[in-house]
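From a predicted model like this one, the values you see are computed outputs, not experimental measurements.
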Amino acid sequence: MPSKKGDPRNTRKFKEVRLKVLARDGHVCSYCGSSEDLTVDHVLPVAKHPELAMDMDNMVIACKRCNSRKGSRSQGVFLRRLDSIVTGK
């Protein structure tokens, strides 16, 4: 996602929150368990819910691959899609 002026994710406060989320989630991807290339994923996308950009309850750790695959979908939609890929249903 390209950075935008005024995006709260570009602030020092967000970087502090990111470190707290990493510690809370044990430094592993919430979707696949990877510990490589970790990012913060917003459960409800910031594009659709900007008011939740700094809410730790709206954040989980995701590897870049999972975060990219999730895109701007909600976590529920992404998990249903991921499940259908894994189970073939």
Among residues at least two apart in sequence or on other chains, which ones pass side-chain hydrogen bond (donor to acceptor under 3.5 Å, both in side chains) with Asn58? none
Please check if the side chain of His27 supplies one atom and the backbone of Ser35 the other of a donor-acceptor pair under 3.5 Å. no
For Thr11, enumerate each residue passing the side-chain hydrogen bond (donor to acceptor under 3.5 Å, both in side chains) test, keeping only those at least two apart in sequence or located in another chain. none
Salt bridge (charged side-chain N to carboxylate O under 4.0 Å, His left out): pairs with one or both residues in residues 22-41, sequence neighbours excluded: Asp41-Lys70
Could you identify which residues cluster with Val17, counting Ile, Leu, Val, Met, Phe, Trp and Tyr as linked when any side-chain heavy atoms lie under 4.5 Å apart, either directly or through a chain of such contacts? Phe14, Leu19, Val21, Leu22, Leu38, Val40, Met54, Met56, Met59, Ile61
Please check if the side chain of Thr39 supplies one atom and the backbone of Ala62 the other of a donor-acceptor pair under 3.5 Å. yes
I would like to know whether Cys63 and Cys32 meet side chain to side chain contact (heavy atoms under 4.5 Å, CB included); could you show each step before the answer? CA-CA 8 Å; Cys63 67; Cys32 73; 3.8 Å; yes
According to salt bridge (charged side-chain N to carboxylate O under 4.0 Å, His left out), does anything in residues 52-66 pair up with another residue at least two apart or in another chain? List the pairs. none
